[in-house]
Amino acid sequence: MRTQVGIVGAGPAGLLLSHLLALRGIDSIVVEDRSRAYCEARQRAGVLEHGSVRLLREAGLAARLDQEGIEHGGIYLQFAGERHHIDFRDLTGGRTVTVWAQTEVVKDLIAERLRAGGAIEFDVTDTTVEHLETDRPVLGYTSADGTRHEVICDAIAGCDGFHGICREAIPARLRTVTEREYPYAWLGILADVRPSTDELIYSHHERGFALHSLRGPTVSRLYLQVRPDEPIGEWPDERVWDELARRFELPGWELKTGPVLEKGITPMRSFVSAPMRHGRLFLAGDAAHIVPPTGAKGLNLAFADVAVLAPALDALLHGDPGPAGAYSATCLDRVWRCTHFSWWMTTMLHRTPGADAMEARLQLSQLRYVATSRAAATSLAENYTGYPELPAKVSRSARTSPAPGGNFKI
Ligand code: FAD
Ligand code: DHB
């Protein structure tokens, strides 16, 4: 078998890359080791930056997002019994974020790829990537019916998340990993109840951090800081609601409760593996980097990577290796900005077990600074809505010849 780009992983990075490549007339195959139903139901991120929304619109993927996504012009920061609004529109010259769940992004991407005749193989096993240092790398997999496939590609994109195989295919001596684990985790619930707030609430409380997010007019998403080794069995629904109510407590405000639809615990780490390219293998999204979720950056970073990768592969396949050569450094600039912002939000808002009085006072001072200084609030708003600006040009610049070996269609 032959294709132009072999893509490992049908998460947001792999699926969006395959769509962006198709817009440029480049063929790809996406192989995924989970089922379609599993990929579409996996509860994860929920906030899209301004630039991610623009990218999806320019890529023709925003019909449902524009109908059902919920635009937010700010967030609340809560601490010391006060709730402060950080007004993104005012601080950034009109920028906003949009609450649109990763599950919906993935559903739309899968539907669009299949509608357009794109190749996605779900339920594969034994994925391999080989001959990466040649210009004919090979993607191997066993399809659900037990048949072994070897696909000869021009390039391979490792979009297979943190636990995938692609990062490990880069020789260890050529990789630098920079990593930090945090001494806490998030217990997240999805609840069948109208959100109790008009904007997301990030609450710093002496009992630990809490976040109130939402998924729609009648569905709320909430998170609680817990210990990383906390058994989920110790958190029956009533205990979760009681703890949330305490951490969001404010005179005159009430947390609405309802049936819990889903519950899970997510560990928190910062992780960057560099470089993001080895020969003809390009890593994108969680395969190369992880941020703690407090800045809502994970999904947006995955989009940012593939927004750079699609034109870089287009150029490479047309004989210009320049943008592909710059891919890793270009992405890592943004990755490190988001790594810093996510670390900053995380350490400002969470309670570190065993922290001394100095740390607690410094956190409160920082929170008050952000809540009262326009300069400090602008920095938060600029980073939260997306910095630097995402390149969102999705179409190919005028070229006369198709990429060699490709089915060129416009
Ligand atoms: P993924 O979404 O992980 O997709 C990778 C895909 O590759 C998966 O479908 C996987 O099954 C597949 N795969 C793996 N190995 C193989 C293989 N060998 N062969 C074939 N396929 C393979 N971010 C936020 O901003 N806010 C949040 O609240 C938030 N919550 C999260 C909760 C959890 C439990 C996790 C794990 C992540 C969360 N994130 C959150 C991060 C965000 O969801 C990710 O950054 C985003 O999913 C990255 O997309 P991706 O496509 O790079 O990776
Ligand atoms: C959500 C997740 C985040 O990590 C965050 O910072 C804000 C919102 C969410 O799942 O809605």
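Counting starts at 1 for both ligands and their atoms, in listed order.
- One finds no salt bridge joining Arg89 and Asp87 here, because no Lys/Arg side-chain nitrogen approaches an Asp/Glu carboxylate oxygen to under 4.0 Å.
- Ligand 1 has an N or O atom lying under 3.5 Å from an N or O atom of Asp33, backbone or side chain.
- Glu389 has a carboxylate O that lies under 4.0 Å from a charged side-chain N of Arg95, or vice versa, which qualifies the two as a salt bridge.
- Here the heavy atom of the protein found nearest to atom 28 (O) of ligand 1 is Tyr223 OH, 3.4 Å.
- Those atoms of ligand 1 that come under 4.0 Å of a heavy atom in Lys297, given as number and element, are 25 (O).
- Of the polar atoms of Pro12, at least one N or O is found under 3.5 Å from an N or O of ligand 1, judged by distance alone.
- Under 4.0 angstrom from ligand 1, the non-hydrogen atoms of Glu32 come from both its backbone and its side chain.
- Less than 6.0 angstrom separates the ring centroid of Phe282 from the ring centroid of Tyr327.
- Counting heavy atoms under 4.0 Å from ligand 1, residue Cys159 touches it through the backbone alone.
- Between Thr294 and Tyr182 the shortest side-chain heavy-atom distance does not fall below 4.5 Å.
- Listed by number with element, the atoms of ligand 1 under 4.0 Å from a non-hydrogen atom of Val31 are 20 (C), 21 (N).
- Nearest protein heavy-atom neighbour of atom 4 (O) of ligand 1: Gly11 CA, 3.4 Å.
- Remark: Glu359 does not engage Arg351 in a salt bridge, criterion side-chain N to carboxylate O under 4.0 Å.
- Look at Lys107 and Glu40 and you find no salt bridge, because none of the NZ, NE, NH1 or NH2 atoms lies under 4.0 Å from a carboxylate O.
- Near Gly285, the atoms of ligand 1 lying under 4.0 angstrom from a non-hydrogen atom of the residue are 52 (O).
- Classification of Arg247 and Glu243 as a salt-bridged pair holds, one side-chain N sitting under 4.0 Å from a carboxylate O.
- For ligand 1, the atoms lying closer than 4.0 Å to a non-hydrogen atom of Gly164 are 15 (N).
- For atom 23 (N) of ligand 1, the closest heavy atom belonging to the protein is Ala45 CB, 3.4 Å.
- For atom 46 (C) of ligand 1, the nearest protein heavy atom (residue, atom name, distance) is Gln102 NE2, 3.7 Å.
- For atom 45 (O) of ligand 1, the nearest protein heavy atom (residue, atom name, distance) is Asp286 OD1, 2.7 Å.
- Once rounded to the nearest 0.5 Å, the distance linking SG of Cys166 with CG of Leu281 reads 5.5 Å.
- Each of the following atoms of ligand 1 lies closer than 4.0 Å to a heavy atom of Gly161: 3 (O), 5 (C), 53 (O).
- Note on Asp160 versus Arg167: no salt bridge recorded, every NZ/NE/NH1/NH2 to OD/OE distance being 4.0 Å or above.
- In this structure, Arg34 does not pair ionically with Asp123, as no charged nitrogen and carboxylate oxygen lie closer than 4.0 Å.
- Side-chain polar atoms of His289 and Asp305 form a donor-acceptor pair below 3.5 angstrom.
- At least one heavy atom of Arg42 sits less than 4.0 Å from an atom of ligand 1.
- Between Glu262 and Arg215, none of the side-chain N atoms (NZ, or NE/NH1/NH2) sits under 4.0 Å from a carboxylate O, so this pair counts as no salt bridge.
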I'd like the atom pairs linking ligand 2 to the protein - N or O on both sides, separation under 3.5 Å - with distances to 0.1 Å.
{"residue": "ligand 2", "atom": "4 (O)", "partner": "Pro293", "partner atom": "O", "Å": "2.6"}
{"residue": "ligand 2", "atom": "6 (O)", "partner": "Tyr202", "partner atom": "OH", "Å": "2.7"}
{"residue": "ligand 2", "atom": "6 (O)", "partner": "Pro293", "partner atom": "O", "Å": "3.0"}
{"residue": "ligand 2", "atom": "6 (O)", "partner": "Thr294", "partner atom": "O", "Å": "3.4"}
{"residue": "ligand 2", "atom": "6 (O)", "partner": "Ala296", "partner atom": "N", "Å": "3.4"}
{"residue": "ligand 2", "atom": "10 (O)", "partner": "Arg215", "partner atom": "NH2", "Å": "2.7"}
{"residue": "ligand 2", "atom": "10 (O)", "partner": "Tyr223", "partner atom": "OH", "Å": "2.6"}
{"residue": "ligand 2", "atom": "11 (O)", "partner": "Ser213", "partner atom": "OG", "Å": "2.6"}
{"residue": "ligand 2", "atom": "11 (O)", "partner": "Arg215", "partner atom": "NH1", "Å": "2.7"}
{"residue": "ligand 2", "atom": "11 (O)", "partner": "Arg215", "partner atom": "NH2", "Å": "3.4"}

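- Arg374 places a side-chain heavy atom less than 4.5 Å from the side chain of Asp90.
- If you number the atoms of ligand 1 from 1 as listed, the ones under 4.0 Å from a heavy atom of Arg34 come out as 11 (O).
- The shortest N or O to N or O distance between Gly298 and ligand 1 is below 3.5 Å.
- The salt bridge (charged side-chain N to carboxylate O under 4.0 Å, His left out) test with Asp108 singles out one residue from Arg115, Arg64, Arg113, and that residue is Arg64.
- Residue contacts with ligand 1 for Thr127 involve side-chain atoms from C-beta outward but no N, CA, C or O (heavy atoms, distance under 4.0 Å).
- In this pair, Phe271 and Phe162 present their aromatic rings perpendicular. The plane angle is above 60°, beyond the 30 to 60° band.
- Checked by distance only, ligand 1 and Ala13 come closer than 3.5 Å through their nitrogen or oxygen atoms.
- Within the structure, ligand 1 lacks Phe162 among the residues with a heavy atom less than 4.0 angstrom away.
- Looking only at protein heavy atoms, the nearest one to atom 14 (C) of ligand 1 is Asp160 O, 3.1 Å.
- Heavy atoms of Val8 found under 4.0 angstrom from ligand 1 belong exclusively to the side chain.
- Proximity of the aromatic rings of Phe79 and His84 is defined here by a centroid distance below 6.0 angstrom, and this criterion is met.
- Among all non-hydrogen protein atoms, the one lying nearest atom 2 (O) of ligand 1 is Arg44 NH1, 2.9 Å.
- For the pair Glu49/Arg54, no side-chain contact is recorded, criterion being any heavy-atom separation below 4.5 Å from C-beta on.
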